[in-house]
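Okay, so here's the structure we're looking at.
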Amino acid sequence: MAKTVLVTGGTGYIGSHTTVELLEAGYDVVIVDNLSNSEKSVLKGIEKITGRKVPFRKVDCGDLSRLRGVFARHPFDAVIHFAASKAVGESVEQPLLYYRNNLVSLMNIIQLMREYNVPNLVFSSSCTVYGQAEKLPVSEQTPRREATSPYGNTKHICEDIIRDSVAAYPGIRSIALRYFNPIGAHPSAEIGELPRGVPNNLIPFVTQTAAGIRPMLSVFGDDYNTPDGSCIRDYINVTDLAKAHVVAVDRMTGDRMKSGFEVFNVGTGRGVSTLEVVRTFEKVNNLKLNYKIVGRRPGDIEAVWADPAYANDELGWKAEKSLEETLRSAWAWQQHLDGKKSE
């Protein structure tokens, strides 16, 4: 019998791609999402790609009683917890929103895992826990530093909550995947990043500028201590990232963990600057982008990229898709969206 995974935030960007990869790997999936930053139409894209309908429950993970109803109805082998607010800039402006949403939702999940004997949790963490590391690239042994934003701090605190819970409750184990910067879309162009309102992430802003939806792309700062002055990040294709979650669930359900709480960096190992992304996008899609350099953005760090060797060796997972292929997929997704609007 197929194992069942609860995916919280499953209609979101990374959640939807992970759902597709789980289904294609033979898992059953139940999605929980409050649709605060995603659209229910994503379920159709998932079905189109996989040929499978996914049970969906519109529930906020901060609502313990309604979330309990989901656990009571479905027996889960694992939970992948994505549901969280995730914009650095917004978290600086609205810290209470971030602390309440991100911490309470995780605590509710762990409480219900205990009540319903669900042993396995994959947690959506972030490279923001490293802050501005003194030495690059960052490995899992790189010390976590004081967060530069409330968003980053919630990931710190969530990891601590999980570590303490695993130590206290023998029936629970967890893998935290520290993401670098997911970009791109599924190669089918049926699902991709679908931000509400003005995008907080670079690539949707790039594609919307290219499509004429936004008049101009702002590049935040060209005076950082980097080769071209713009911030450097480790941009990973979202389907590569999604596959890391499948491997993590495989590891847990196959009893291959070496401790009750494991942490893995999920990145490519290559740092790419904002301006390099812009130029590569222009080149691979044969476009010119209207962009300008503006001041630095609060909460941004100068440079971070992964040493993914531990995930490569221990999980047997590796980022495979190139930046060029990924940026082509992002533009194909934007064109798919524009085509649906004009239908």
Side-chain angles (χ1 to χ4, degrees), residues 7 9-24 31 33 35-52 54 82 86-87 124 179-217 233-246 266 268 272 274 276-291 319-343:
V7 179
T11 54
Y13 176 41
I14 306 169
S16 59
H17 287 80
T18 300
T19 296
V20 165
E21 297 302 327
L22 285 165
L23 292 169
E24 293 191 335
I31 289 176
D33 204 302
L35 301 178
S36 63
N37 196 33
S38 61
E39 304 290 340
K40 200 174 174 184
S41 60
V42 169
L43 296 167
K44 286 185 187 150
I46 293 170
E47 189 183 343
K48 222 168 182 181
I49 295 165
T50 64
R52 291 178 64 185
V54 180
F82 292 109
K86 63 181 179 63
S124 162
Y179 310 162
F180 284 70
N181 288 66
I183 61 169
H186 192 271
S188 67
E190 291 293 342
I191 56 172
E193 193 165 5
L194 193 62
R196 289 240 173 118
V198 179
N200 285 298
N201 292 346
L202 174 62
I203 298 305
F205 220 114
V206 165
T207 60
Q208 289 186 14
T209 303
I213 298 163
R214 308 276 159 207
M216 187 177 289
L217 168 72
R233 298 288 182 270
D234 186 334
Y235 292 99
I236 177 169
N237 185 287
V238 68
T239 57
D240 281 340
L241 174 58
K243 285 172 182 168
H245 294 80
V246 178
V266 187
T268 67
V272 179
T274 305
E276 189 181 343
V277 168
V278 168
R279 291 178 192 126
T280 306
F281 180 85
E282 289 181 323
K283 185 180 167 190
V284 299
N285 295 306
N286 199 22
L287 292 163
K288 280 308 284 178
L289 273 176
N290 188 24
Y291 69 91
E320 292 170 352
K321 294 182 186 287
S322 68
L323 180 64
E324 290 78 6
E325 181 183 352
T326 302
L327 292 173
R328 274 194 291 269
S329 74
W331 181 232
W333 163 242
Q334 182 66 54
Q335 290 174 301
H336 173 80
L337 284 177
D338 295 345
K340 280 171 81 172
K341 279 179 199 157
S342 61
E343 281 172 9

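Remember, predicted model here, so these are calculated numbers, not experimental data.
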Test: Glu47 and Arg52 ion pair at under 4.0 Å: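 Not counted as a salt bridge, because no side-chain N and carboxylate O are separated by less than 4.0 Å.
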
Mind checking whether [X] and [Y] have side chains closer than 4.5 Å, heavy atoms only?
X: Ile183; Y: Leu327; value: yes
X: Val54; Y: Val7; value: no
X: Leu217; Y: Leu202; value: yes
X: Thr239; Y: Pro187; value: yes
X: Pro195; Y: Pro204; value: yes
X: Phe180; Y: Arg233; value: no

Return the orientation label for the [X] and [Y] ring planes: parallel under 30°, perpendicular over 60°, tilted otherwise.
X: Trp333; Y: His336; value: parallel
X: Phe281; Y: Trp331; value: perpendicular
X: Tyr179; Y: His245; value: perpendicular

Smallest separation among heavy atoms of [X] and [Y], with atom names:
X: Thr209; Y: Asn290; value: CG2-O, 3.5 Å
X: Val238; Y: Gly184; value: CG1-O, 3.7 Å
X: Val266; Y: Ala244; value: CG1-CB, 3.9 Å
X: Phe205; Y: Met216; value: CE2-O, 3.3 Å
X: Leu287; Y: Ala210; value: CD1-CB, 4.0 Å

Kindly indicate, with the supporting measurements, whether the criterion side chain to side chain contact (heavy atoms under 4.5 Å, CB included) is fulfilled by Glu276 and Tyr235. CA-CA 11 Å; Glu276 189 181 343; Tyr235 292 99; over 6 Å; no

Given Ile213 and Gln334, is the side chain to side chain contact (heavy atoms under 4.5 Å, CB included) satisfied, shown in steps? CA-CA 10 Å; Ile213 298 163; Gln334 182 66 54; 3.4 Å; yes

Residues in salt bridge (charged side-chain N to carboxylate O under 4.0 Å, His left out) with Glu190, at least two apart?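 Testing Glu190 for salt bridge (charged side-chain N to carboxylate O under 4.0 Å, His left out), a comparison that skips the adjacent residues, returns Lys48.
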
By salt bridge (charged side-chain N to carboxylate O under 4.0 Å, His left out), which residues pair with Glu320, not counting sequence neighbours?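 Glu320: no salt bridge (charged side-chain N to carboxylate O under 4.0 Å, His left out) contacts found.
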
Using the rule side chain to side chain contact (heavy atoms under 4.5 Å, CB included), only one of Ile49, Ile191, Val42 pairs with His17; which is it?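 Only one option passes, and that is Ile191.
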
What's the spacing between [X] [atom1] and [Y] [atom2] if we round to 0.5 Å?
X: Ile203; Y: Thr326; atom1: CD1; atom2: OG1; answer: 9.0 Å
X: Ser329; Y: Lys321; atom1: OG; atom2: NZ; answer: 8.0 Å
X: Leu194; Y: Thr11; atom1: CG; atom2: OG1; answer: 9.5 Å
X: Asn181; Y: Asn237; atom1: CG; atom2: CG; answer: 13.0 Å
X: Ser16; Y: Ile46; atom1: OG; atom2: CD1; answer: 5.5 Å
X: Lys243; Y: Leu241; atom1: NZ; atom2: CG; answer: 11.5 Å

When you look at Glu193 and Asn201, which way does the side-chain hydrogen bond (donor to acceptor under 3.5 Å, both in side chains) test go after all the steps? CA-CA 9 Å; Glu193 193 165 5; Asn201 292 346; 2.7 Å; yes

Assess the residue pair Lys86 and Asn37 against the criterion (side chain to side chain contact (heavy atoms under 4.5 Å, CB included)); give the C-alpha distance rounded to whole Å, side-chain angles, the decisive distance to 0.1 Å, and a yes or no. CA-CA 10 Å; Lys86 63 181 179 63; Asn37 196 33; 4.2 Å; yes

Full working for salt bridge (Lys or Arg N to Asp or Glu O under 4.0 Å) between Glu39 and Arg196: CA-CA 9 Å; Glu39 304 290 340; Arg196 289 240 173 118; 2.9 Å; yes

